[in-house]
Each structure stands twice: as C-alpha cells, then as structure tokens.
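Here's the structure we're looking at; comments come further down.
Chain naming here is simple, since letters A, B, ... match the order of the sequence lines and numbering starts at 1 in each.
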Amino acid sequence: MESENKRPIYLDLLKIRLPIGGVVSIIHRASGVLLVALLPVSVYLLQRTLESQAAFVRVLAAVHETFARSAMLVVLWFFCQHLFAGIRHLLMDMDIGTSRRAGRAGAWLVFAATAAVVLYAAARIL
Amino acid sequence: MIVSRPAGSAHRGLGEWILQRLTAIYIAGYVVVLALHWIIAPVADYDGWRQWTGAVSVRVSATLFFVSVVIHAWIGMRSVYMDYLHTLWLRLAVVIATAVMLAGLLTWALAVVWGAGA
C-alpha cells in the first residue's frame, strides 16, 4: 500500500511550478496586504492637503519629486494588479472565463492590462 | 481538527462573500471615476481643493469609499490570516490588532473627510 503512494509528502515551494492563474492569485493576496498596509499613508496625505495652504503646497511639491513619483508607480502597480485580478475573479463568479484556456488567457490579460496602465502612467509623470 | 459549528453558521461565509464583491465594485468604480475626474479637471489650487472636498456629494461618496475599503480589507486580511496563521493565539492577536487598526483608520479617515471646515 505504502509503496504505491507516490504523493509528495512535503511542499517544496521551489519545486512547485505554479500555473499562471496561481501566480495571479498569490499576487492578488500579496498586493491586497500591501495596499492595506499603505492605507494610513493615503489618509495622512489627504489630511495634510486639507490642513492648510502651506501643507497643501508642501505635499504637492513632495509628490513632484522623482522618488515620490516612482513610489506612486509601484503603488499603482499593486493597485492595478489587485483591481484587474479582482475583475477576473468577478467574471469567473459569473462563469465567464472559467475554462482552463480562458483562465490562463485571463491571467495573462491581468498582467498585460496592469503593465499597460503602469507604463502609461510612467510615461505621463516621469 | 474537528470544529463543531452552531446551526446556521454555514450561511455566514456567504454574507462575507457577497460583501467582499459589493465593496470591490464600489471601490473600483469610485477610484476609476476619481482618476478620470482628476485627469479631466486637475486640482488647481488649495481653495479649489477645499471647495471640491467640502461638497456634500464628495464627502458622502468618500465616506462610502472608506467604509467599503475597511470592510474589504477586513474580510481580505482575515482570510489571509486563516490560511497562513495556524497558531491560535497568534492568529487571534493579529486579528484583533487588525480590527483595532482598521477601526482607528476609519475613524481617522471620516474625521478628515467630514472635519476640515468649509
């Protein structure tokens, strides 16, 4: 009995070749956690811009820095990745794109759409 | 692990499932509309910014946004914890810390949205 059991008894993450849908799924989680971690930053920035004329100008000047703009692109990347993977999720809830082929195509589309938005934004603000 | 559940608990997940999707749709729609709005009509100056954020429609929609974000974050973070944190006391501690953080964040965000003058 035991010799017939060929199931791996451990999960070696380096040996598992995650399908593309799985990659989208784990990045959906990771980007979600990162976005939650960044929530206080966005509320803080909103608060500062409403505080006073001087603070408003300071925040605006700060986000014009190349470093801040690069950071914003990274956040945009998290957001778009999460948004597009979420839309794929909602479509799959409605039984759209649930076949293996469509699922894989949709996963690639998530990456493509994210890249398109981030590159467009980069071209605009950098 | 055998978990005994009270009758009817099977439906609890459904509510979260629906809530996660409703909040997702609102957040996505809100962010896209805001982004388009700012692309079409960029914020000119401090006075314009104060005037715009002081409008009741902006405040109400922002309130709905922050409430949605906090609910969405809560359900999302909880399911991540349930999958990866198996030590009960640790999971409980992290869940409580997250709840406190999100409640504080919502209070703060709403104070910002409704506080500053106009």
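A heavy-atom distance below 4.5 Å is found between the side chains of A/Leu46 and B/Phe66. Within the 4.5 Å cutoff, side-chain heavy atoms of B/Val43 are placed close to those of A/Phe56. Within the 4.5 Å cutoff, the side chain of B/Trp17 has heavy atoms near those of the A/Asp93 side chain.
Aromatic ring orientation, B/His72 versus A/His82: perpendicular (interplanar angle above 60°, classes split at 30° and 60°).
In this structure, A/Arg58 has no salt bridge (charged side-chain N to carboxylate O under 4.0 Å, His left out) partners at least two apart in sequence or on a different chain.
For chain B, the nearby part of A/Leu83 is the side chain; its heavy atoms alone come within less than 4.5 Å. Neither the backbone nor the side chain of B/Val70 comes within less than 4.5 Å of any heavy atom in chain A. Contacts between B/Asp45 and chain A at a heavy-atom distance below 4.5 Å involve the backbone alone (N, CA, C, O). Both the backbone and the side chain of A/Leu39 come within less than 4.5 Å of a heavy atom of chain B. Contact of A/Tyr44 with chain B is made through backbone and side chain together, with heavy-atom distances under 4.5 Å.
A donor-acceptor contact shorter than 3.5 Å links the side chain of B/Arg50 to the backbone of A/Leu50.
Criterion: ILVMFWY side-chain heavy atoms under 4.5 Å apart, direct or through other members. Under it, A/Leu76 and A/Val74 are part of a common hydrophobic cluster. Note on A/Phe79: it does not cluster hydrophobically with A/Leu90, by side-chain heavy-atom contacts below 4.5 Å among ILVMFWY residues. B/Val100 and A/Val33 sit in two unconnected hydrophobic clusters of ILVMFWY residues. Membership requires side-chain heavy atoms under 4.5 Å apart, directly or through other members.
Between B/Tyr84 atom OH and A/Arg29 atom CZ the span is 4.0 Å, to the nearest 0.5 Å.
For the set B/Asp47, B/Ile25, B/Val80, B/Ile27, the entry with the most heavy-atom pairs within less than 4.5 Å of chain A is B/Val80. Counting heavy-atom pairs closer than 4.5 Å to chain B, the top-ranked of the candidates A/Val36, A/Leu35, A/Thr49 is A/Thr49.
Heavy atoms of other residues, nucleotides or ligands lying less than 6.0 angstrom from CH2 of B/Trp52 number more than 12.
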